[in-house]
Amino acid sequence: MVAFGVHALVWTGALDRAALAHAVDRTRAAGYDVLEIPLLDPFAFDLAAAREVLERHPLRVTASLGLSAATDISGEGPAARDAGERLLLAAVDVIAELGGAHLVGVIYGALAKHARAATVTGRAGGIGVLRRVADHAHGRGVTLGLEIVNRYETNVVNTARQGLAYLDEIDRPNVVLHLDTYHMNIEEPDMMTPVLEAGPRLGYVHIGESHRGYLGSGTVDFGAFYRALAAIGYDGHVVFESFSSAVVDPVLSNALAVWRNLWNDSDDLARHALATMRAGMRAVESVQMH
Ligand code: MN
């Protein structure tokens, strides 16, 4: 069974105790199974507060992040590579301590518009880091999801096919492909082929509209995407992601170029998204019988 989740930035741009309690409460009230927590700075994350909130209101959690220039493991600088490795190891520990099993996102390089492609040595350095982080994560029961994002947000890989080749190079069983419909809509030839090519190596899914607002108000061909998920029997997490200038994280919102307001009512947005995703997946459940 697919587990439906929602990104915390639908509810709040902060991660203090009150913000986490609000996000957990609203996620549960909207009917989701999973809350994805942005863990851009795992060292600043209040683990004790998060534990307490989740003890009071149990909810499955995952963590996502994008590295920065200072922690770019696929860049040229050894200092950033080392800092990135420390950050990823810390993020694995945080999500493991919260009982989560997934650390996903742009965890293989800086989430930013780059002036040039990653170099051979930068890429190789990043792969070395990811192998060590994956081995640590394996011991803690955590899977790493490499989110394939568009050319303006990474210079390492931009398509599912590139991502699968990258996974082959990393060669660790607990590193999987993470696809996001918003990015696929920019870079992929269509919404089915990447899913069918990934098959069992697809381990995490983000659902986002072409402008990252209300599902159904943009140009993403969700029907084709859901059909492909059904065809491979995908039963992992399906997490709704949406960003508006109504709810802002000072770092993440800028990295994602969230400059305008696409919604104001988080509850309505989240409920609508869950109903839409459920209906879309329900409609194609039977394709394996055809
Ligand atoms: Mn995403």
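Order of listing sets the numbers, starting from 1, for every ligand and every atom in it. All heavy atoms count here, side chains included; hydrogens, waters and symmetry mates do not. Numbers here are sequence positions counted from 1.
The Mn ion (ligand 1) has an N, O or S atom of H206 closer than 2.8 Å.
Counting only heavy atoms from C-beta outward, the side chains of T143 and H178 never approach each other to under 4.5 Å. Using a 4.5 Å cut-off on side-chain heavy atoms (C-beta onward), L252 and L40 make contact. Side-chain contact between V61 and E36 is absent, with no heavy atoms from C-beta onward closer than 4.5 Å.
Not one N or O on the side chain of H237 forms a donor-acceptor pair closer than 3.5 Å with the backbone of V239.
Between the Mn ion (ligand 1) and the N, O or S atoms of E241, the shortest distance is to OE1. Sorting the N, O or S atoms of D180 by how far they are from the Mn ion (ligand 1) puts OD2 first. Per residue E147, closest N, O or S atom to the Mn ion (ligand 1): atom name OE2.
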